[in-house]
Protein chains: 2
Amino acid sequence: MATIDDVAKAAGVSTSTVSYVLSGKRPISAPTRARVERAIEKLGYRPHAGARALASSRTNVIALMAPLRVGVSVPVIMQFVAGVVTRARDFDHDVLLLTQDDVSGLDRVTSGSMVDALVMMDIEADDPRVPLVAAAKQPTVLIGLPQDPEGLSCVDLDFEAAGRLAVRHLVKAGHTDVALIGSPPEVLRRHTSYAERLMRGLRDQAKSSGVRVKVEACDSTPSGASEAVDTLLATAPETTGIIVHNEGALPHVLARLAERGAVVGTDMSVVAVCPTDVALSQRIPMTSIDLPAEDIGKVAVDMVMTRLEGEQPSETRLLAPVLTERESSAYGPAAVHG
Amino acid sequence: MATIDDVAKAAGVSTSTVSYVLSGKRPISAPTRARVERAIEKLGYRPHAGARALASSRTNVIALMAPLRVGVSVPVIMQFVAGVVTRARDFDHDVLLLTQDDVSGLDRVTSGSMVDALVMMDIEADDPRVPLVAAAKQPTVLIGLPQDPEGLSCVDLDFEAAGRLAVRHLVKAGHTDVALIGSPPEVLRRHTSYAERLMRGLRDQAKSSGVRVKVEACDSTPSGASEAVDTLLATAPETTGIIVHNEGALPHVLARLAERGAVVGTDMSVVAVCPTDVALSQRIPMTSIDLPAEDIGKVAVDMVMTRLEGEQPSETRLLAPVLTERESSAYGPAAVHG
DNA sequence: CACGATCGTCGAAGCGTTTCAACACGCTAA
DNA sequence: TTAGCGTGTTGAAACGCTTCGACGATCGTG
């Protein structure tokens, strides 16, 4: 491999000049720049990442810690990841992938100066990783909201607003008895904050709109979904509007409703909280509140880069929810009869 | 951050001694080792990754190029990725994530010495990336089979054997008219080799078993699946055994079959080629040929590590398919009537 | 016309490791 | 007694880059 010295020799300049051509940190005359660039081209020169990291204490790599196995809906994760990776490239950074359970990886990549910054997904209310990265010298952005962000930046969909929005939509359509089919019990047990935030918004809005609301946890399996639907229909038979916040269970919820003879879009309005493409790939196009996973990933990178260049203060950004009406929701009984 | 010199000073030895304690490349007496280890502990010392890479030309990072967006079933991709990442950790390596479309990333990470080796997923028959990595100094393992591996190692499920196995299973159950609902047209157009290999095995076995076989491409959408089922039932109404090799379409294929009045497991036998957990999360547990994505990812890392330590020759490993009988396949007409 | 800025370039000192050659020491063997 | 050997340790030279301070040349300004 050619080194910067080779390039300098070939171009008839000093190594520092080559370095400044590359980094643009000092003015270089046009002819010199041209000669250097030609030499780089000819030799196929690439700076050695390690050497660069050593000299500049910048790696141009960010770490992304993602839940690679557990229940959390896989397509959603992929979209986050895709957003992070593509946006990172826009900033000329690469992405080192860490798994959620590899907690020691945090120390490894931060203390070892392997990365310039971190992005962590799927944050729990009392996440043990938060204090670790808060102590690191690298800036970190959390996707999700911990109880105590400890000066870290956070970004997420505003699930509380999403809960309110979903209920308002159903109320406006005349429904008076609504329900949530939500996350799996283990997610709730971990106090993953998005689940709780959605419920809070839901309940607030239901209260102020004067409608009844029933909440069911739901495993992301066919049987889990069936069970949730069955108990819902048994314990709150007057329900005509359902909010589903569980991508994995969604198809099975719809299937079970069909089996039970409820026609979604007519007898029963269903609003999903999920990425748009998931909403569109169901048996009928779902009215949904978009979970803009890829955007969130991108915003996370934007935030991390901002903190990397200036000593910006930390911030929390909650993206406003957007509801798109499709074929799974319709006017409910009160509106019909009223 | 503490450096190796700080450790050396604290332990009262030279820096090289500390280095040898860390790497184990030279014998160190027990007492010295103990002193050094204590110093490391006390100072919370971590070697600087960049410095290490510069001096040793080893980064302890491997690159993984994964298709982060397109049609290929997302859960399957995740399993590959999970397999690669966890196995890499077993070898004390981290994973740098590249997206499939970022072809220039290959040159960046190889020429820039950012990684020790590469793993590339979703290889097409005439993949433009193959010559690139073949020219790199880092060893590479391909998940999938290109037309010309150019001395690179490959690993994949033996899809040809899987095709034969699926047909044999259906034939043994008495079916005489079988069909494949396969990959989306765009996958076929790209000549992604697994699709073609499965079809080859399928046709071979059908021929030698004397059964008829019909092949339908299929988009991974509800409508695509419905269409495929409809044309199949229209053009080959005598079909009683279906092989589905399309994770995304699978649920919709089953749904459409149900709508059309075909009872899967009784009127119609269906064999899926997909990861076990996908097979199990359908409306009924599917008879399936497992696509051991996580294992394949792990094997890929094993192979890449082998090539990293010795100058092993390249090899191609095709994993033998395993069929597990569940509730979606049953004895067909010939067996029943015969 | 002399003065200080500004521009473009250079030399050299790091950055924190690994690793090679060398050496000190205590043995054994001759 | 000495040569030779293995064991454990060391000093110093890379590794390839960035960046600081310095310097000559060119410029505008009073």
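To find a chain, count down the sequence lines: A is the first, B the second, and so on, and within it residues start at 1.
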Measuring from A/M303:CE to A/T316:OG1, what's the distance to the nearest 0.5 Å?
-> 6.5 Å
Any ion pair linking B/R190 and B/D126 (charged N to carboxylate O, less than 4.0 Å)?
-> no
Could you pull out all residues at least two apart from B/R189 that satisfy side chain to side chain contact (heavy atoms under 4.5 Å, CB included)?
-> B/P185, B/E186
Tell me, which pairs form a side-chain hydrogen bond (donor to acceptor under 3.5 Å, both in side chains) where one or both residues lie in residues 140-159 of chain A, sequence neighbours left out?
-> A/D156-A/R197
Interatomic distance, B/H48 NE2 vs C/dG14 C1' [rounded to whole Å] | 13 Å
Let me check something: any side-chain donor-acceptor pairs from residues 2-12 of chain B under 3.5 Å, sequence neighbours excluded? List them with distances.
unit_1, atom_1, unit_2, atom_2, d
B/T3, OG1, B/D5, N, 3.2
B/T3, OG1, B/D6, N, 3.4
B/D6, OD2, B/T3, N, 2.8

Not counting sequence neighbours, list each pair that qualifies as a side-chain hydrogen bond (donor to acceptor under 3.5 Å, both in side chains) and has a residue in residues 297-306 of chain B.
-> B/R87-B/D302
From C/dG8, C/dC15, C/dT17, nucleotide with atom closest to A/L54 side chain = C/dC15
Nucleic acid footprint by protein, nucleotides 18-27 of chain C - heavy-atom cut-off 4.0 Å, B for base, S for sugar-phosphate alone | BBBBB-----
Minimum heavy-atom distance B/M65-B/T99, with the two atoms named = CE-O, 3.2 Å
Residues in residues 32-41 of chain A with a heavy atom under 4.0 Å of DNA chain C, by number, are A/T32
Contact span of DNA chain D against chain A, any nucleotide atom under 4.0 Å from a heavy atom, 5' to 3', runs D/dG16 to D/dA22
Map A/T3 and B/S14 onto DNA chain D by nearest heavy atom, then report which one ends up closer to the 5' terminus.
-> B/S14
Kindly write out the residues that satisfy salt bridge (Lys or Arg N to Asp or Glu O under 4.0 Å) with B/D290, not counting sequence neighbours, or none if the list is empty.
-> none
Between the two end axes of the helix from C/dC1-D/dG30 to C/dA30-D/dT1, each built from 5 base pairs, what angle do you get to the nearest 10°?
-> 40°
Using salt bridge (Lys or Arg N to Asp or Glu O under 4.0 Å) as the criterion, list what pairs up with A/R129, not counting sequence neighbours.
-> A/D127
Is there a side-chain contact between A/K137 and A/T110, using heavy atoms and a 4.5 Å cut-off?
-> no
Table please: side-chain donor-acceptor pairs of residues 46-54 of chain B below 3.5 Å, with sequence neighbours left out.
unit_1, atom_1, unit_2, atom_2, d
B/R46, NE, A/D107, OD2, 3.3
B/R46, NH2, A/D107, OD2, 2.7
B/H48, ND1, B/G50, N, 3.0
B/H48, ND1, B/A51, N, 3.0

All side chain to side chain contact (heavy atoms under 4.5 Å, CB included) counterparts of A/S14, not counting sequence neighbours | A/S16, A/T17
Kindly indicate whether the side chain of A/D116, heavy atoms from C-beta on, has any atom under 4.5 Å from the side chain of A/V61.
-> no
NA contact type, A/R46, heavy-atom cut-off 4.0 Å: base, sugar-phosphate, or nothing?
-> sugar-phosphate
